Student: 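Sharing a structure with you now.
None of these values were measured; they are calculated from a predicted model. Any value given below was found using the heavy atoms of this structure, including those in side chains, with hydrogens, waters and symmetry copies removed. Residue numbers start from 1 in every chain, and the chains themselves are labelled A, B, ... in the order their sequence lines are given, proteins ahead of strands.
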Amino acid sequence: MKLSALHQSYLNRRSNSFRSPTSVDSSVDGSGKSLIAVFWLILHCLCCLISLVLGFRFSRLVFFFLFSTSSTTNLYSSAPFRPDLPVKHLDVHTLGRRLDPGANNLTVAAATAKSSRVVVGRHGIRIRPWPHPNPVEVMKAHQIIERVQNEQKTVFGMKTSKMVIAVTPTYVRTFQALHLTGVMHSLMLVPYDLVWVVVEAGGATNETASIIAKSGLRTIHLGVDQRMPNTWEDRSKLEVFMRLQALRVVKEEKLDGIVMFADDSNMHSMEFFDEIQNVKWFGTVSVGILAHSGNAEEMVMSMDKRKEMEKEAEEDSSSLPVQGPACNSTDQLIGWHIFNTLPYAGKSAVYIDDVAAVLPQKLEWSGFVLNSRLLWEEAENKPEWVKDFGSLNENEGVESPLSLLKDPSMVEPLGSCGRQVLLWWLRVEARADSKFPPGWIIDPPLEITVAAKRTPWPDVPPEPPTKTKDQMPLSHGGKTVVVIPKQQQHSTKIRKPKRRSKRNKHEPKLTDTTQVSSSSSKRQERN
Amino acid sequence: MKNLSSLSAIILFLFFSASSAEQTVRTERISGSAGDVLEDNPVGKLKVYVYELPSKYNKKLLQKDPRCLTHMFAAEIFMHRFLLSSPVRTRNPDEADWFYTPIYPTCDLTPTGLPLPFKSPRMMRSAIQLVSSNWPYWNRTEGADHFFVVPHDFGACFHYQEEKAIERGILPLLQRATLVQTFGQRNHVCLDEGSITIPPFAPPQKMQAHLIPPDIPRSIFVYFRGLFYDVNNDPEGGYYARGARAAVWENFKNNPLFDISTDHPTTYYEDMQRAIFCLCPLGWAPWSPRLVEAVVFGCIPVIIADDIVLPFADAIPWEEIGVFVAEKDVPELDTILTSIPTEVILRKQRLLANPSMKRAMLFPQPAQPGDAFHQILNGLARKLPHDKSIYLKAGEKALNWTAGPTGDLKPW
């Protein structure tokens, strides 16, 4: 801010300061004038040399301290020299300035009779001995930051947020852990209160319970006695039944919030949960349909076919893989976009593990959200266009949540009228014969197995089991564990006593890399 | 029975309305030592007469250098414009409570934009001579009911260097007048008792243009952008900012909580809105536009300047809004800031969020209710009514017209 101005004054001051020693001179005897001038010159050269040696500017304040007896309130001790600054040309003014205004300041101060605690002049730069962050303080600072951010969220974010009631139909199968973990993590990230209603086909099992218990969320685990059927169509019918069971529980427990249908293989974005807070009674969002097929060739073919179909496509069925509300130009709901299943006609999966595209229903439940008060028997302001949930007859064929309404035109489109796709629908399941360890815990632990000389290849059926040992049957599809029957142990170098299967179950074995053994346990096969 | 039920209904209604009012405490009312005066309307409380000075004192200076409208001393120009069209202005000087002299002493800029104060004393002196000879009101009180806007570094001491400014002191002719200045430091020669401290000018439109949504979380703990060492004028350090800025750098350059550097980022305003604390250390003078920016962007100002007097100190309780750190305590700045209880921090943020607080720091064009112009007028109104003793008897002289350095006495 003071660059050129100070530069000008700096030059002035230089000339001034040259005058000041001479004013000092004038008071001295004339014969001593030359002596003093020579003295100043010698001092100047001495300071130059010292600065050259030291590598930084050597202030002649030192000499002033040594020789001066007058105390001025301006001086502070130990301005730390900064050795990394470049050596600049020395100026006399620091010394001259001290001599001159030293007396002046005192008189001025005395005259105005104001004593300031704060003094003008050179001050020390205070540096503490260990100028590094203190970890305890860093933690405290982070807690402060977190608290401030929470306050921001409550003040500027949602005013009043409603509880989210997530309804998930599931059943035990190989991919259950995969799907449920995904949904679980999405729900754990939801910043609002949440209740997770998990409905399980085949009764409530410990397997599912152990998975959902890891979430730490409030869960309601229901069981439905029917087993999940093998075809996609029947499966979706059972899922509808299971969801209605969950809604009944919502009604009985009088849970107050927004019901959304989180199918266990779907993927939800966080914006979805923020958007559904805006629903008043019954809303719908756009769902991205990921109708994959197991076969890449099929996929390409279907895409070509789809292109052909698009040319002849009707206007009201969308060619985008999105299921959601359709609005007119004034953002009013006029209908729904549904997934065009024509390209997949005849080539869609029927059984759950078919290698073909899995198609969604006409209207998937996951694209709808409703206020739980619609389900209650008596709720204030409940609109008339809602059927009474208690008297809903399932045998009449409830396909989509719209069956709960008398008037589907009262549905609120969310996500800027369906322009935002907030969640994705996907159905992918493992092969019918796939197995997985219960609870995904391998117990007892697998041994490291090393092929012995006379290892049978996987194709060769293993020799019949001996004694009481069970062996894990090999299945096609390839497994990484090669199980060697017990007789082969004789060919190994190190001998170990034969273990009984019962012991194996209870004690973990110490493994030797050269030892060959079979992992034995009664494994439950699950499909 | 009916009366009882209706009474209980009323009581219940009051209870619920009171409890619901408590839920949304987003801001808090600000009241300083003068009371809850930030939103006072000065209209009707005072009358200001604006002298008609020749344009060489104001308009010509501005025409010569229009940069005077955008630098941080532009308050003097905008105050003049505001007063010309304000309802407190009166054309009749006999009924005026305060007299304003439209003079722009800080409008003499170097090519790089820094104001040179060397001619300002002479300009001021010449203006006062004009006023005293053409109107009787100056001589009536020797300027005690006149006010001047002197926003330069050290106010009416008219120098940028503190030692020289202290040497000069306040211009002798202005010793009875009220000074509206940005500089404020207790027990300092250049701050007169009755002065009104104002914030430096910061461009309101530019700051409004950089606002970000308030729900973006504040993730920076401490933020500062600016010089720590003034290498050109104070290479050794210890002189600039009394060594405080250098101490901040040396102690906290390795600390990840402190986002401090000498950069000039384009996202400076946005970054301030993402920070919880913003450092406002002194520089060559104790005040800086950083305070205004911190208040507007909701960042708690950490003021490191001993004995500073902040703007509108009687209307705004700065101790409750900002954090004051003594210069000698700078090495412990991190301990000080992390040991502030979170409730106190949240309260400070609520006070800062009060829109009247933000309005009071700005000089918007055109003027809006509650802005800095109105706070100045409120401050002037609080000094009314004038004490009878300011009116001098005939022939009595209080000012010494020949005091001051000889260079000042030359005509301008």
Student: Take atom NZ in K162(A); do more than 12 heavy atoms of anything else shown fall under 6.0 Å from it?
Tutor: yes
Student: Are any side-chain N or O atoms of D334(B) and backbone N or O atoms of P133(A), one a donor and one an acceptor, separated by less than 3.5 Å?
Tutor: no
Student: Looking at OH of Y229(B) and CD1 of I125(A), how far apart are the two atoms once the value is rounded to the nearest 0.5 Å?
Tutor: 4.0 Å
Student: What distance separates I276(B) CD1 from I144(A) CD1, expressed to the nearest 0.5 Å?
Tutor: 7.0 Å
Student: Looking at T342(B), is its backbone amide N or carbonyl O close enough to the side chain of R147(A) to form a donor-acceptor pair, meaning the two atoms are under 3.5 Å apart?
Tutor: no
Student: Is it the backbone or the side chain of Y240(B) that comes under 4.5 Å from a heavy atom of chain A, or both, or neither?
Tutor: neither
Student: Mind listing the closest non-hydrogen atom pair of E151(A) and R350(B) along with its distance?
Tutor: OE2-NH1, 4.2 Å
Student: Would you call D329(B) and R126(A) a salt bridge, using N to O less than 4.0 angstrom?
Tutor: no
Student: Looking only at heavy atoms and a cut-off of under 4.5 Å, which of V222(B), V248(B), N254(B) has the most pairs with chain A?
Tutor: N254(B)
Student: Atom CG in L257(B), atom NE2 in H142(A): separation rounded to 0.5 Å?
Tutor: 5.5 Å
Student: Indicate whether any N or O donor in one side chain lies under 3.5 Å from an N or O acceptor in the other, for S219(B) and Q149(A).
Tutor: no
Student: More than 12 non-hydrogen atoms from neighbouring residues, nucleotides or ligands closer than 6.0 Å to NE2 on H264(B), yes or no?
Tutor: no
Student: Answer yes or no: is there a side-chain heavy-atom contact under 4.5 Å between I345(B) and V148(A)?
Tutor: yes
Student: Which bit of K328(B) is near chain A, if near means a heavy-atom gap under 4.5 Å: side chain, backbone, both or neither?
Tutor: both
Student: Given side-chain contact (heavy atoms from CB on, under 4.5 Å), test T338(B) with Q143(A) step by step and report yes or no.
Tutor: CA-CA 9 Å; T338(B) 52; Q143(A) 281 159 9; over 6 Å; no
Student: Roughly how far apart are K140(A) NZ and L337(B) CG, rounded to 0.5 Å?
Tutor: 11.0 Å
Student: As an exercise: rank V330(B), I216(B), I340(B) by heavy-atom pairs under 4.5 Å with chain A and give me the winner.
Tutor: I216(B)
Student: Are the side chains of P214(B) and Q152(A) in contact, using a 4.5 Å heavy-atom criterion?
Tutor: no
